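Below is one structure, written out as structure tokens; the observations come after it.
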Amino acid sequence: RQRCRADGRALRKLPVHVGLVVTEEEPSYADMASLVVWCMAVGISYVSVYDHNGIFKRNNSRLMDEILKQQQELIGLDCSKYTVEFANQDKTGQVLNCQSTLKVLSPEDGKANIVKAAQNFCQLVAQQQRTHADLDVNVLDNLLSSTNGFPDPDLVLKFGPVDSTLGFLPWHIRLTEIISLPSHLNISYEEFFSALHHYAACEQRWGK
């Protein structure tokens, strides 16, 4: 725990929101839980977990059990509780945390959520509560339920051979740094921290 916190403080910049995107066909609950707990331990405030088949979201209780187990082993029991959020679901669960928030996402939280937001905006226009001129980036952000309360991801760690994020929050990653890693299976803390170090060294030009 002390090493992770020291590593986080040593970085020139630490992402506020990290997306963990698995493009492999058989995701590992234990390895994903390790990644989530490492994010928490270094001080990352928001974490999103995503796989293109929605396996983690459908089996979120299994993932949460693994995260809780690894949190207790790595972080200890001195952290406050928080509510784990599952986008577009009413299910919540309590796990231990150091001021981090987790969302488990699936493809329905990507393009489908944008379509739903557009439909909601059109309804507001039809009801004369909005005009078409009101639509801008901030308005659409507020209409998107999948990331309500979450900032856009600063960093996406994409795992697997597919050269695509496969539908992960397409609206929100316009300015996101994406780092590809061969696999999340048996990933080590050193590989994870190396990716954070790479992110910290990047000069982000914000599209310029």
Side-chain angles (χ1 to χ4, degrees), residues 1-76 79 84 86 95-107 109-110 150 153-169 173 176-202:
R1 178 178 59 187
Q2 286 76 14
R3 176 190 174 185
C4 293
R5 288 178 178 171
D7 285 345
R9 289 193 295 266
L11 292 172
R12 186 166 64 89
K13 61 179 179 178
L14 190 68
V16 175
H17 178 187
V18 170
L20 303 173
V21 177
V22 173
T23 66
E24 297 157 283
E25 290 301 320
E26 296 187 11
S28 164
Y29 295 90
D31 290 315
M32 180 52 68
S34 294
L35 287 160
V36 170
V37 173
W38 292 336
C39 285
M40 295 174 177
V42 299
I44 293 167
S45 299
Y46 300 91
V47 183
S48 294
V49 170
Y50 177 90
D51 71 277
H52 64 288
N53 292 318
I55 295 173
F56 286 131
K57 187 172 179 179
R58 287 196 304 274
N59 301 282
N60 50 55
S61 60
R62 180 177 173 185
L63 177 61
M64 291 307 109
D65 287 344
E66 187 64 40
I67 291 173
L68 176 59
K69 173 186 172 184
Q70 294 197 32
Q71 276 184 312
Q72 291 171 329
E73 293 173 355
L74 178 65
I75 299 177
C79 296
V84 180
F86 301 98
V95 297
L96 300 171
N97 164 51
C98 289
Q99 289 75 53
S100 298
T101 308
L102 171 69
K103 279 194 176 181
V104 183
L105 304 170
S106 66
D109 304 307
F150 263 47
D154 307 285
L155 171 65
V156 165
L157 299 181
K158 181 191 71 66
F159 303 95
V162 181
D163 191 21
S164 169
T165 54
L166 296 178
F168 172 74
L169 297 180
I173 58 174
T176 300
E177 188 72 27
I178 299 174
I179 296 176
S180 296
L181 295 166
S183 176
H184 73 301
L185 301 175
N186 300 314
I187 190 167
S188 67
Y189 175 77
E190 287 71 25
E191 291 172 295
F192 163 77
F193 185 71
S194 177
L196 292 186
H197 192 272
H198 178 78
Y199 165 81
C202 286

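Bear in mind the structure is a predicted one, so any value in this text is a computation, not a measurement.
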Hey, does [Y] have a side-chain heavy atom less than 4.5 Å from the side chain of [X]?
{"X": "L166", "Y": "V21", "result": "no"}
{"X": "V49", "Y": "L105", "result": "no"}
{"X": "P107", "Y": "F168", "result": "no"}
{"X": "K103", "Y": "H17", "result": "no"}
{"X": "T165", "Y": "I173", "result": "yes"}
{"X": "I44", "Y": "L196", "result": "yes"}
{"X": "L20", "Y": "F159", "result": "yes"}
{"X": "V22", "Y": "M32", "result": "yes"}

Legend entry - Flag if over 12 foreign heavy atoms under 6.0 Å of CD, E26: no

Legend entry - Salt bridge D65-K69, side-chain N to carboxylate O under 4.0 Å: no

Taking every non-hydrogen atom, the tightest pair across [X] and [Y]:
{"X": "C39", "Y": "V47", "answer": "CB-CG2, 3.7 Å"}
{"X": "N186", "Y": "D31", "answer": "N-OD2, 3.0 Å"}
{"X": "T23", "Y": "G160", "answer": "OG1-CA, 3.4 Å"}
{"X": "K158", "Y": "S164", "answer": "CD-O, 3.1 Å"}
{"X": "L181", "Y": "A195", "answer": "CD1-CB, 4.4 Å"}
{"X": "K57", "Y": "S106", "answer": "CD-OG, 3.4 Å"}

State whether the side chain of [X] and the backbone N or O of [Y] hold a donor-acceptor pair below 3.5 Å, judged by distance alone.
{"X": "E177", "Y": "C202", "value": "no"}
{"X": "N53", "Y": "I55", "value": "no"}
{"X": "R12", "Y": "A200", "value": "yes"}
{"X": "R62", "Y": "F56", "value": "no"}
{"X": "T176", "Y": "P153", "value": "yes"}

For the atom pair [atom1] ([X]) and [atom2] ([Y]), what is the distance rounded to the nearest 0.5 Å?
{"X": "Y189", "Y": "S34", "atom1": "OH", "atom2": "OG", "result": "12.5 Å"}
{"X": "L157", "Y": "S180", "atom1": "CG", "atom2": "OG", "result": "9.5 Å"}
{"X": "H198", "Y": "L155", "atom1": "NE2", "atom2": "CG", "result": "9.0 Å"}
{"X": "S61", "Y": "E66", "atom1": "OG", "atom2": "CD", "result": "12.0 Å"}

Inset, instruction - Indicate whether the side chain of S194 and that of E191 have a donor and an acceptor atom separated by less than 3.5 Å. - result: no

Inset, instruction - Evaluate the ring planes of H197 and F193, with Trp represented by its six-membered ring, and classify them as parallel (under 30°), tilted (30 to 60°) or perpendicular (over 60°). - result: tilted

Inset, instruction - Please report the C-alpha distance between I187 and W38 in whole Å, then the side-chain angles of each, then the deciding distance to 0.1 Å, and finally whether the side chain to side chain contact (heavy atoms under 4.5 Å, CB included) criterion is met. - result: CA-CA 11 Å; I187 190 167; W38 292 336; 4.0 Å; yes

Legend entry - V156 vs I179, side chain to side chain contact (heavy atoms under 4.5 Å, CB included): CA-CA, chis, key distance, verdict: CA-CA 6 Å; V156 165; I179 296 176; over 6 Å; no

Legend entry - CA sep, side-chain torsions, deciding dist, call: Q70, M40, side chain to side chain contact (heavy atoms under 4.5 Å, CB included): CA-CA 11 Å; Q70 294 197 32; M40 295 174 177; over 6 Å; no

Inset, instruction - Examine K13 relative to Y199 and say whether NZ or CZ is less than 6.0 Å from the centre of the six-membered ring and inside a 45° cone about the ring axis. - result: yes

Legend entry - Test side chain to side chain contact (heavy atoms under 4.5 Å, CB included) applied to D51 and E24, step by step: CA-CA 8 Å; D51 71 277; E24 297 157 283; over 6 Å; no

